[in-house]
Amino acid sequence: MGHVTGLKCRECGRLYAVEPIYVCEFCFGPLEVAYDYKGIAGAISRETIEKRGKNLWRYRELLPVDGDPRAGLDSGFTPLVRAGNLAKVLGVEELYIKDDTVVHPTLSFKDRVVSIALTKAMEFGFDTVACASTGNLAHSVSAHGAKAGFKRFIFIPATLEASKIIASLVYEPNLVVVDGNYDDVNRLCSEIANRYRWAFVNINIRPFYAEGSKTIGYEVVEQLGWRAPDNVVVPCASGSLLTKVWKSFREFRDIGIISELRTKVYAAQAAGCAPIATAIKQGTDVIRPVKPNTIAKSLAIGNPADGFYASQVVRETGGYAEDVTDQEIIDAMKLLARTEGIFAETAGGVTLAAAKKMIESGKIRRDESTVICITGNGLKTQESLQGHTLSPHYIKPSLASFEEALKNINRG
Ligand SMILES: *Cc1c(COP(=O)(O)O)cnc(C)c1O
């Protein structure tokens, strides 16, 4: 029932059968899922999609699963918010927030990738799922893995936010805290994945897992009334999400769901971890690994697996990239909350702050349509705002005390 034809090496094009593998044996290039697009074009249309449930499985022909969804049944179809108040502040005409802070069970876009990864892990017959995580993946695999009945091994760097650790532990996975940064955790997990027959969602299941990110792009096109935006701004950790947003638009064009595609893709990173943005700004293909130091921990990957491909997409589409300081991240989180009532995690601050910079510099045109991808909820990174918000007004439980306080409140 699926339309997957196999796995294909991104470098040499060699084809492999559908198995839990992720790297080409011949050239060590990454493997990517290949589809029969003719078959898909015959199987779905705007009308068939519109009749389906409001979750990411409405695009199932374009996802690498054979049977019915078996995890994350209610993930996806998050709001696309017309951001009029924010547009006014930024001086642009047509601005949207793709709001992945809500709807998803664990409140970040990672529920998209994990829904596909765990469904696929079940199809492959694994009983244990695992991941190397910068926080949101840990939360999502812990939760969806519990519901789906998997044993779970979750590996995280020691520096993660307390709220993300608790949010994972409540689902009772085996949480392994590694004394190192994400890149150390990921390297260790590659070794573990070689030794144990576990479904590491972002290692041996990665080709399938990564495809889940395409659903954010499908939704944007559908929610814009079946058109792709002029510009899309995407946060980068490994760079995978950015490449998949572009892939989703291209696929929709290739199977005839949309006829036109002129979207420019823009990358957003924190200045304290900007290997992809730096390469793009310097006009090179070479991604130089860095040691991350930023409050945007969910994006803190110093050696990004898909960095090269992400920079290629940005270049090919005529986009650009920006990196922003921790202070700019905090200011943008507050700006988004104040104007649109959306509380984003630090990664959302990165994306908005980078978009703002690129609008101000003219890299993003003010008269074009722009979608900003906000990928995680602010309740997950509350400590980053400690000391950066307004203070509450403390009073006694009396009208007099309230009116005394009111004298000092700006009621404008
Ligand atoms: C994981 C993550 C991303 C991007 O991840 P990629 O590795 O680039 O696909 C963006 N935002 C949030 C909140 C994340 O957790």
Side-chain angles (χ1 to χ4, degrees), residues 30 75 78 97-102 104 106-114 116-117 131-143 156-157 160-161 163-164 167-168 182-183 185-186 201-203 206-207 209-217 232-248 265-270 273-277 280 287 292 294-311 313-314 321 329 332-333 336 342-354 372-381 384:
S75 301
T78 60
I97 299 295
K98 181 56 174 165
D99 186 7
D100 265 23
T101 70
V102 290
H104 293 302
T106 69
L107 305 181
S108 90
F109 104 94
K110 287 295 195 299
D111 287 337
R112 299 179 181 279
V113 282
V114 169
I116 311 305
C131 67
S133 174
T134 56
N136 286 322
L137 187 59
H139 190 186
S140 187
V141 172
S142 300
I156 58 170
L160 276 200
E161 297 95 342
S163 48
K164 282 192 180 147
S168 298
Y182 174 82
D183 298 287
V185 176
N186 197 39
V201 303
N202 55 340
I203 301 178
R206 188 174 181 84
Y209 153 94
E211 289 287 287
S213 290
K214 297 190 302 187
T215 57
I216 199 169
V232 62
V233 189
V234 186
C236 290
S238 72
S240 174
L241 171 63
L242 184 144
T243 67
K244 297 297 180 177
V245 168
W246 176 238
K247 186 178 181 187
S248 72
V265 182
Y266 297 82
Q269 291 205 291
C273 182
I276 300 173
I280 292 165
I287 309 288
T294 168
I295 57 167
K297 296 179 191 217
S298 59
L299 302 180
I301 298 186
N303 188 10
D306 292 288
F308 168 73
Y309 300 107
S311 70
V313 166
V314 169
I329 294 169
M333 289 165 75
L336 185 61
I342 294 171
F343 185 18
E345 72 154 88
T346 44
V350 168
T351 316
L352 175 54
I372 298 177
C373 295
I374 298 295
T375 46
N377 192 297
L379 294 171
K380 293 174 163 228
T381 60
S384 66

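Whatever order the structure lists them in is the order used to number ligands and atoms, beginning at 1. None of the values given here were measured: they were computed from a predicted structure.
Comparing S140, S238, G212 against atom 6 (P) of ligand 1, the shortest heavy-atom distance belongs to S238. For atom 11 (N) of ligand 1, the candidate residues are T375, T243, V350, V113; the nearest heavy-atom contact is made by T375. Among A267, A237, A305, the residue whose heavy atom lies closest to atom 5 (O) of ligand 1 is A237. When T381, T346, N136, N377 are checked for heavy-atom proximity to atom 15 (O) of ligand 1, N136 turns out nearest.
Among the atoms of L241, some N or O lies under 3.5 angstrom from an N or O of ligand 1. The shortest N or O to N or O distance between K110 and ligand 1 is under 3.5 Å. Residue F109 places no N or O, backbone or side chain, under 3.5 Å from any N or O of ligand 1.
In this model, no donor atom of one side chain and acceptor atom of the other lie less than 3.5 Å apart for S108 and E345.
Counting the atoms of ligand 1 from 1 in the order shown, those under 4.0 Å from a heavy atom of L299 are 3 (C), 10 (C), 11 (N). Heavy-atom contacts of S240 reach the following atoms of ligand 1: 6 (P), 8 (O), 9 (O) (cutoff under 4.0 Å). The distance from ligand 1 to the heavy atoms of S298 drops below 4.0 Å at these ligand atoms: 13 (C), 15 (O). Listed by number with element, the atoms of ligand 1 under 4.0 angstrom from any heavy atom of G239 are 6 (P), 7 (O), 8 (O).
Checked by atom type and distance alone, the side chain of N202 pairs as donor or acceptor with a backbone atom of A132 at under 3.5 Å.
Nearest heavy-atom pair, I276 versus C236, reported as atom, atom and distance to 0.1 Å: CD1-CB, 3.8 Å. Here the closest heavy-atom approach between residue L137 and residue K110 is recorded as N-CG, 3.8 Å. Scanning both residues, P304 and A237, for their nearest heavy atoms gives CB-O, 3.4 Å. Residue A210 comes nearest to S240 through the heavy atom pair CB-OG, 3.6 Å, listed as atom of the first residue, atom of the second, then distance. Closest non-hydrogen pair, V350 versus Q269, comes out as CG1-C, 3.4 Å.
Checking each of V233, I372, I216 against K98 for a side chain to side chain contact (heavy atoms under 4.5 Å, CB included) leaves exactly one that passes, namely I216.
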